[in-house]
Number of protein chains: 2
Amino acid sequence: MTQNSTDLTLEQIGKQAGVSRSTVSRVLNDHPDVRSEVRARVKAVIEDTGYMPNQAARALVSSRTGLIGLVMLTEVDELFGDPYYSALVKGIQLGCLDHGLIFSIFPVHGPEGPSDVLTTQIAQGFIDGVIVTAGPRSDRLVSRLRARNKRLVVVGHPVDDVDVLRVDVENRAGSATAVKHLLDLGRSRVGFIGPSAEYLYGTERFDGYKDALAAAGREVDDVLIRFEDPTTEGGYRAASTILPGDVDAIHVATDPMAVGVFRSLTERGVRIPHDVAIVGFDGLDRGPQLEPSLTTVVQPVTEVGRMAVALLANDSPSTEPIILPTSLRIGGSCGASDFLHNR
Amino acid sequence: MTQNSTDLTLEQIGKQAGVSRSTVSRVLNDHPDVRSEVRARVKAVIEDTGYMPNQAARALVSSRTGLIGLVMLTEVDELFGDPYYSALVKGIQLGCLDHGLIFSIFPVHGPEGPSDVLTTQIAQGFIDGVIVTAGPRSDRLVSRLRARNKRLVVVGHPVDDVDVLRVDVENRAGSATAVKHLLDLGRSRVGFIGPSAEYLYGTERFDGYKDALAAAGREVDDVLIRFEDPTTEGGYRAASTILPGDVDAIHVATDPMAVGVFRSLTERGVRIPHDVAIVGFDGLDRGPQLEPSLTTVVQPVTEVGRMAVALLANDSPSTEPIILPTSLRIGGSCGASDFLHNR
DNA sequence: TTGAAAGCGCTAACAT
DNA sequence: ATGTTAGCGCTTTCAA
């Protein structure tokens, strides 16, 4: 691949502007110590010639490329169907715009295999930092990247390593709010359906569920609690094993699961929200459309992505995790409007 | 961002192996002129130390980064919902794996705006080549990138510039096959619904439609032809203005449009395929599920992506466009099974 | 077959 | 405020 034949160097720009290469460099990097007259002259030449500095040379001397990697534990086409990643990548893109960075996506099927590309390329000082998304097996990945001494941000996943930067949402408080909302609406038998224990965010949400019950002085009843895959099918399976007569509300810890719960309940003639009220968790833009509309805990995924980039971009030594707040979006499935209506 | 504190250089590896920096470089780049004994010794040290060459330095001296850009004329989250891009990116990822490259996605909202990132970063010699996806406005983009003297591959879009590399599918032949199939099944009034003229692939598919009619000695009847947005809504609108009595088959030039056509026909009590047979175009993995299943022209989008990378990776001077063949996937909507049944 | 030396284009410390 | 100089880590002639 040939370079642009008209490729210019700092030296040549300097010659044209009648200054040294250093002065041009200073103009380029907005150093204050340049006379405005000279600055203008140099800028004119740069404009004229369409000169752009060579990034490789910059990277070599500054050991920064402006490139960040996005490591995801999925196949690339799997990733594309998922509203969560969609929102996250959108945020990362916005963050990159904010900070003048470029991101590359590294799908990793497992800790082995194509992840070699990752170690090969990422470790070679070509990528300034890495954003790692959550996943059951992300811990091993994180430690491998840590071993490479890479600047690292983990999103949507608690990590043991205190040195690792982290952005996440208030899973626990979010679920607590959801359950409190149901209790406040007068529901007394509130169940929980969520992902199995390997999904740490699910555990956090379950903790929030228990918090809200405890705060209201209610007992936790295992009969009303199910763990399954965080998918529509998982939600369906989970709901199918709960007796409709046992519950009058369920907090479903992911919206895809809530879709399955809706289906199961509807099939069995259970009315939502009249018989069983539902509050989900996710609230993604491209998430499910249900009838009645789903009341759900909205997690700001796009903001998470944006913050992750900001964390990577700022060399700040702080490793405090950034935990973003969730909010409750009221729809028809929790019965809030009926509640107002009936009283 | 600090570099790995244990960062090694060629020089240091050389010292440890008792050779010069040049020899290590030769080993690294598989030069033949190294004694196998020395080669082994050097390799051992590299293995031991976990040394990896600095990519920025390599890029500076070789003017190659191994990075390619994927320029898309969409918002990044729009892109994520789309099965076409999903398949394309999958192919590009496979291609990158083949050739040891990394790709970055550059969403471009329009020829202005964030595309500055594009000119800024891409033009700066940081990216070896660019894959540009089709779009109504991609021509301007292509010429801008051409002006930057970038190695360029355009996918899914005819281009005027003969110097631009191109990968596409046989749109015209694909649609001709679809229409011939319908005619062979005994349909006599075959309509066409496709995207409006700014989508060049649509025009090609329409040409294929006309080819098949001409080959069968049939007339083109404007009453049976509609152009609309290549979306479900567009397909719905288009079908709604065709009188069911006028047609006994329709070739719908994109699968999303076919979904709209199904809906419109079904609403009006038209039976598929009994009254009107349908053949679509796209056949993407994550495409629509219909009942009866859609007979459609399958375009190998993943292969397109993979080929695009191959074209970028090979410095071959050939600029011949690569046009991949399509295939017809028989489902229930064309009536092929009924046909066999009834005769 | 190997080493020495030059230089890719840039930044930054140092000198003026 | 500006120029000079010394590298960054690598590849690649050119000598030996």
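Just so we're on the same page: letters track the sequence lines, and every chain starts at 1.
Distance, B:K15 NZ to C:dT2 P: 20 Å, rounded to whole Å. Separating the CZ atom of A:R35 from the C1' atom of D:dT2 is a distance of 9 Å, rounded to the nearest angstrom.
A salt bridge links A:R306 with A:D98: the closest approach of a Lys/Arg side-chain nitrogen to an acidic carboxylate oxygen falls below 4.0 angstrom.
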Per-nt protein contacts along nucleotides 7-16 of chain C (heavy atom under 4.0 Å; B base, S backbone sugar-phosphate only, - none) come out as BBBBBBB---
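For the side chain to side chain contact (heavy atoms under 4.5 Å, CB included) test, residues two or more places apart in sequence or in another chain that qualify with B:S20 are B:S22, B:T23.
In this structure the side chain of A:P300 reaches within 4.5 angstrom of the side chain of A:V169, judged on heavy atoms. With contacts defined as side-chain heavy-atom distances shorter than 4.5 Å, the pair B:L28/B:I46 qualifies.
Here B:T23 reaches the OP1 or OP2 of C:dG3: one of its side-chain N or O atoms lies under 4.0 Å away.
Within 6.0 Å of atom CG in B:D48, more than 12 heavy atoms from other residues, nucleotides or ligands are found, so the atom counts as buried in its surroundings.
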